[in-house]
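Worksheet: one structure, shown below.
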Amino acid sequence: MAERSLRGMSIGAKSLESDDNVDFAARRDVTYVCPQGHKTILPLAADVDAPESWECRCGKIAHREDTEEQEESDDLAKPQRTHWDMLMERRTTQELAALLEKRLDMHKEGWIPDYE
């Protein structure tokens with residue numbers, strides 16, 4: 001064996017410190033459930049606010065188990081507005097048709113370049 005090699009213990013593989021006389025922070029378990037039924041249990045510090053949602057291992061958004069019913073009732077109360085809904089609040093269909101004609105004319109006259 002080469003003289004420069006170390007014998008007896010692999011470096012970095014094990015810690016020589018022990019957990020004796022160490023006080024760990026207080027913890028609590030928070031459970032998250034995704035729409036597919038996967039449960040994720042996270043140990044969090046007792047004094048922090050747990051997030052309302054967490055990304056599940058399947059990629060979907062999981063919600064806290066104790067607030068699941070409240071989330072569903074909020075979703076039923078107020079539907080999410082789309083971009084089209086917000087546009088229709090500001091403009092009528094006739095105004096949108098006039099704007100479309102104006103932009104098409106500008107495009108035909110060369111005011112708007114082609115992005116190909």
Side-chain angles (χ1 to χ4, degrees):
M1 221 174 185
E3 291 182 28
R4 58 183 176 216
S5 67
L6 297 174
R7 295 183 189 176
M9 184 174 181
S10 57
I11 296 179
K14 296 182 172 127
S15 173
L16 298 176
E17 295 181 8
S18 68
D19 290 336
D20 296 339
N21 299 324
V22 175
D23 293 328
F24 294 106
R27 297 180 183 176
R28 64 185 171 113
D29 290 338
V30 180
T31 305
Y32 293 90
V33 181
C34 82
Q36 291 187 348
H38 301 133
K39 282 191 175 186
T40 304
I41 300 172
L42 296 177
L44 298 175
D47 58 342
V48 300
D49 294 330
E52 294 296 322
S53 60
W54 193 266
E55 185 175 352
C56 182
R57 63 181 181 260
C58 66
K60 297 190 186 293
I61 299 296
H63 295 284
R64 279 194 357 214
E65 192 171 46
D66 56 349
T67 60
E68 188 173 348
E69 295 83 18
Q70 180 183 2
E71 255 335 286
E72 290 176 3
S73 65
D74 290 344
D75 290 342
L76 294 175
K78 187 175 180 183
Q80 185 175 0
R81 292 184 348 186
T82 63
H83 294 291
W84 181 254
D85 294 334
M86 290 184 265
L87 178 66
M88 293 307 290
E89 289 175 5
R90 294 189 313 263
R91 309 250 187 217
T92 64
T93 309
Q94 293 81 15
E95 290 174 329
L96 290 174
L99 284 173
L100 178 63
E101 287 299 321
K102 181 180 176 182
R103 296 299 279 187
L104 288 174
D105 291 341
M106 289 174 67
H107 183 66
K108 289 176 189 173
E109 293 171 2
W111 288 93
I112 302 173
D114 286 331
Y115 296 106
E116 292 181 15

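Quantities reported herein were computed from a predicted structural model and do not represent experimental measurements.
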Any chance you could lay out the side-chain contact (heavy atoms from CB on, under 4.5 Å) test for R64 and E52, step after step, and finish with the verdict?
CA-CA 6 Å; R64 279 194 357 214; E52 294 296 322; 3.5 Å; yes
Near I41 CD1, under 6.0 Å, is it more than 12 heavy atoms from other residues, nucleotides or ligands?
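12 or below, so no.
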For the residue pair Y32 and P51, what are the closest heavy atoms and their distance?
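It is OH-O, 2.7 Å.
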May I ask whether W54 and L44 are part of the same hydrophobic cluster, defined by side-chain heavy atoms of I, L, V, M, F, W, Y residues being less than 4.5 angstrom apart, directly or through others?
yes
Output a table of donor-acceptor pairs, distance under 3.5 Å, between side-chain atoms of residues 21-29 and any protein atom two or more places apart or on a different chain; print 'none' if there are none.
residue: R28; atom: NH2; partner: V48; partner atom: O; Å: 2.7

Please check: side-chain N/O of D105 versus main-chain N/O of K102, any donor-acceptor pairing under 3.5 Å?
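Looks like no, no N/O pair under 3.5 Å.
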T93 and M88: side-chain contact (heavy atoms from CB on, under 4.5 Å), yes or no, with the steps?
CA-CA 8 Å; T93 309; M88 293 307 290; 3.6 Å; yes
Do H38 and K60 have side chains that approach each other closer than 4.5 Å (heavy atoms only, starting at C-beta)?
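SC-SC contact between H38 and K60 ruled out.
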Any pair counted as side chain to side chain donor-acceptor pair (under 3.5 Å), so long as it reaches residues 40-51, sequence neighbours left out
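Residue pairs passing side chain to side chain donor-acceptor pair (under 3.5 Å), neighbours aside: none found.
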Would Q36 and C56 satisfy side-chain contact (heavy atoms from CB on, under 4.5 Å), going step by step from the backbone distance to the final call?
CA-CA 10 Å; Q36 291 187 348; C56 182; over 6 Å; no
Tell me every residue that passes salt bridge (Lys or Arg N to Asp or Glu O under 4.0 Å) with R81, counting only those two or more places apart in sequence or in another chain.
E89
Salt bridge between R90 and E95, side-chain N to carboxylate O under 4.0 Å?
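Answer for the salt bridge query: no.
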